[in-house]
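Here is the structure we will look at.
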Amino acid sequence: MEISLRGKTAIVTGASRGIGKAIAKSFVDAGAQVMLTSRKIDALQAAAKELDGETAVFAANAGDIDQAHECVDATMKRFGKIDILVNNAATNPYYGATLGVDSAQFDKTFQVNLKGPLFWSQAVFNASMQKNPGVILNIASVGGLRAEQGLGVYNLTKAAVIHLTSQLACELGRTRVVGIAPGLVKTLFASVLIENVGERLAAALPTKRLGEPQDIANLALFLCSDLASWITGETYVIDGGAGVRSGTM
Ligand SMILES: NC(=O)c1ccc[n+]([C@@H]2O[C@H](COP(=O)([O-])OP(=O)(O)OC[C@H]3O[C@@H](n4cnc5c(N)ncnc54)[C@H](OP(=O)(O)O)[C@@H]3O)[C@@H](O)[C@H]2O)c1
């Protein structure tokens, strides 16, 4: 079955590379008009050039509320409505023990990873979805569900994003709010981990490989399509089976 987003308009944050770019491509291939946004205009233009469909680009920091409004205004001006918002951009400026974080690192992580999704959702809901219900997709992480060494502060933001997803679903009526919690996916974001222990982690998975951005984009396309019209408030783990690997087989 072909999944169609024909006639839909989407904003994807963090769309210049990695998971966001793969989601933007899947949406365009399914017929959507897509506004790609992240911080660097050159990278956005290069990403948009690779896509075969109707796109626009807007440079904005996901943690800056004014820039979120500017991007939403530009999208409304260009496309007239916003059916889908993908809150994908995130940052991780600190690696280490949770109690070792300093105030600036903590604030930056929460600014981009939690305040961003909340205020981009607010801007899009007020501008378009309040009148024409749509879909908000938040990209969380399996780290938001399980404790692990080194990523404690980042994981706190992702746990909050998972709760934000169910909270907004509870409040926004016919606008659906859904989440994806990926395991390790081959992107720049995870490159240090992948270089150091990627092969070992892949071998331990039932699926015997790490995730590709396209794996996440496939689920994003389904969740944002009308095929998922009875799904809201939930966050879906997609991790190659990492969550079941402690069995005896
Ligand atoms: N890769 C994994 O293993 C993994 C696992 C679980 C969850 N995730 C989540 O998946 C999402 C995408 O990550 P990824 O792996 O695709 O990362 P990535 O390849 O590093 O891409 C990140 C994207 O976000 C943009 N970005 C970064 N900081 C930004 C900011 N402050 N404002 C606006 N845009 C910003 C980047 O462009 P600019 O730098 O030009 O702004 C880029 O387009 C994130 O939410 C991440 O937490 C990833």
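No hydrogens, no waters, no symmetry mates; every other heavy atom, side chains included, goes into these values. As the structure lists them, so they are numbered: ligands from 1, and atoms in each ligand from 1.
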**Item:** Per atom 11 (C) of ligand 1, closest listed option by heavy atom (Thr37, Asn88, Asp42)
**Value:** Asn88
**Message:** Judged on heavy-atom distance to atom 42 (C) of ligand 1, which of Ala181, Gly144, Ser16 sits nearest?
**Reply:** Ser16
Please confirm whether [X] comes within less than 3.5 Å of ligand 1 when only nitrogen or oxygen atoms on both sides are compared.
X: Lys40; answer: yes
X: Gly14; answer: yes
X: Gly63; answer: no

Between [Y] and [X], is there a salt bridge with N-O shorter than 4.0 Å?
X: Asp29; Y: Lys25; result: yes
X: Asp215; Y: Arg209; result: yes
X: Asp239; Y: Arg146; result: yes

With heavy atoms only and a cut-off of under 4.0 Å, state how [X] meets ligand 1: side chain, backbone, both or neither.
X: Val112; answer: side chain
X: Lys158; answer: side chain
X: Ala60; answer: backbone
X: Ala90; answer: both

**Within 6.0 Å of NZ in Lys158, more than 12 heavy atoms from elsewhere** =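 Yes, NZ of Lys158 has more than 12 neighbouring heavy atoms, counting only those of other groups under 6.0 Å.
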Would you please determine whether [X] falls within less than 4.0 Å of ligand 1 on a heavy-atom basis?
X: Gly183; answer: yes
X: Asn61; answer: yes
X: Leu184; answer: yes
X: Gly211; answer: no
X: Ala15; answer: yes

**Prompt:** Roughly how far, to the nearest 0.5 Å, is CD of Gln167 from CD1 of Ile162?
**Reply:** 14.5 Å
**Item:** Residue pair Phe189, Tyr154: steps toward the ring pair (Phe, Tyr, Trp, His ring centres under 6.0 Å) verdict
**Value:** CA-CA 12 Å; Phe189 194 76; Tyr154 165 83; 5.7 Å; yes
**Prompt:** Do Thr91 and Asn113 meet the criterion of a side-chain donor-acceptor pair at a distance under 3.5 Å?
**Reply:** no
**Request:** Answer yes if the side chains of Gln214 and Asn218 hold a donor-acceptor pair under 3.5 Å, and no otherwise.
**Result:**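 There is such a pair (donor and acceptor under 3.5 Å, judged by atom type) between the side chains of Gln214 and Asn218.
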**Prompt:** Which is it for Lys8 and Asp226 under the salt bridge (Lys or Arg N to Asp or Glu O under 4.0 Å) test, yes or no, and what are the steps along the way?
**Reply:** CA-CA 11 Å; Lys8 308 274 189 196; Asp226 290 343; 3.6 Å; yes
**Complete:** Taking only non-hydrogen atoms of Ala140 and a 4.0 Å limit, the atoms of ligand 1 in range are 7 (C), 9 (C)
